[in-house]
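It should be emphasised that the depicted structure is a prediction, and the values quoted were computed from it without experimental measurement.
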Amino acid sequence: EKGQEGEYDAEAHKERIFGNHVKEYMEMLQEEDPTKYEAHFSKFIAEGIDADKMEDMYTEAHEKIRSDPTGEPAEKKAITYERDDDTVKASDGTEHVRSNKITLTQRKEKVAAKIAAAQAKMMEE
């Protein structure tokens with residue numbers, strides 16, 4: 001009921017930590033839609049991890065964390081970015097289009113120009 005103090009369920013918490021919900025989803029997908037299962041869990045399949053090995057995988061991960069909790073910093077990618085107006089070019093060859101920020105006055109001028117263009121078009125008709 002509303003307003004009542006919630007009770008802590010350690011077993012449910014343990015099941016979430018050890019990926020039981022993912023295991024159940026894997027089993028359900030494997031039975032009902034094998035192609036979707038292969039698409040969703042392709043990395044797990046490549047590593048040889050199926051639904052039955054899920055808890056072992058998480059147990060092993062927790063043991064590794066306990067043995068060395070400091071962790072290793074991720075290697076930084078040596079990618080540099082160069083901006084040319086609206087395009088951002090990366091050193092790895094990718095290109096992205098990014099809009100430049102405009103000031104409030106520029107935005108108002110842009111809107112006024114659009115309104116004037118629309119009015120001029122309507123006057124022609």
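Put simply, the residue from T87, D85, V88, D86 that forms a side chain to side chain contact (heavy atoms under 4.5 Å, CB included) with R98 is V88.
Looking only at side-chain heavy atoms (C-beta outward), H96 and T94 come within less than 4.5 Å of each other. Residues F44 and K53 form no side-chain contact, since every pair of their non-hydrogen atoms from C-beta on lies 4.5 Å or further apart. Put simply, the side chain of L29 reaches to within 4.5 Å of the side chain of F41, judged on heavy atoms.
Looking only at distances, no side-chain donor or acceptor of R83 sits under 3.5 Å from a matching main-chain atom of K89. Side chain of T59 to backbone of E55: a donor-acceptor contact under 3.5 angstrom is found.
Residues satisfying the salt bridge (Lys or Arg N to Asp or Glu O under 4.0 Å) criterion with K64, sequence neighbours excluded, are E60. D84 is linked by a side-chain hydrogen bond (donor to acceptor under 3.5 Å, both in side chains) to nothing, counting only residues two or more places apart in sequence or in another chain.
With rounding to the nearest 0.5 angstrom, the CD atom of E109 is 13.5 Å from the NZ atom of K114. In this structure, CG in D33 is found 9.5 Å from CD in E38, a value given to the nearest 0.5 Å.
In plain terms, the two heavy atoms of A51 and E27 that are nearest each other are CB-CG, 3.5 Å. S91 and A78 get closest at one heavy-atom pair: OG-O, 3.7 Å. When all heavy atoms of G19 and Y58 are compared, the pair lying nearest together is CA-CE1, 3.8 Å. Across all non-hydrogen atoms, the minimal contact from D52 to D56 is O-OD2, 4.3 Å. Taking each heavy atom of R107 and I102 in turn, the nearest pair found is NH2-O, 3.3 Å. Nearest heavy-atom pair, D50 versus M26, reported as atom, atom and distance to 0.1 Å: C-CE, 3.9 Å.
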(message) Could you walk me through whether F18 and K23 satisfy the side chain to side chain contact (heavy atoms under 4.5 Å, CB included) test, starting with their C-alpha distance in whole Å, then the side-chain angles of each, then the deciding distance to 0.1 Å, before giving a yes or no?
(response) CA-CA 9 Å; F18 286 102; K23 175 184 173 181; over 6 Å; no
(request) Any chance you could lay out the side chain to side chain contact (heavy atoms under 4.5 Å, CB included) test for E15 and E11, step after step, and finish with the verdict? (result) CA-CA 6 Å; E15 285 182 2; E11 191 60 35; 4.2 Å; yes
(request) Go through the steps to decide whether H62 and I17 satisfy the test side chain to side chain contact (heavy atoms under 4.5 Å, CB included), and finish with yes or no. (result) CA-CA 10 Å; H62 290 290; I17 289 172; 3.5 Å; yes
(request) Kindly determine whether Y25 and H21 satisfy side chain to side chain contact (heavy atoms under 4.5 Å, CB included), including the steps that lead there. (result) CA-CA 6 Å; Y25 182 63; H21 60 293; over 6 Å; no
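E95 CD: more than 12 foreign heavy atoms inside a 6.0 Å radius. Atom CD of Q106 sits in a crowded spot, with more than 12 heavy atoms from other residues, nucleotides or ligands closer than 6.0 Å.
When the side chains of ILVMFWY residues are joined at heavy-atom separations under 4.5 Å, either directly or via intervening members, I65 and M57 end up in two distinct hydrophobic clusters.
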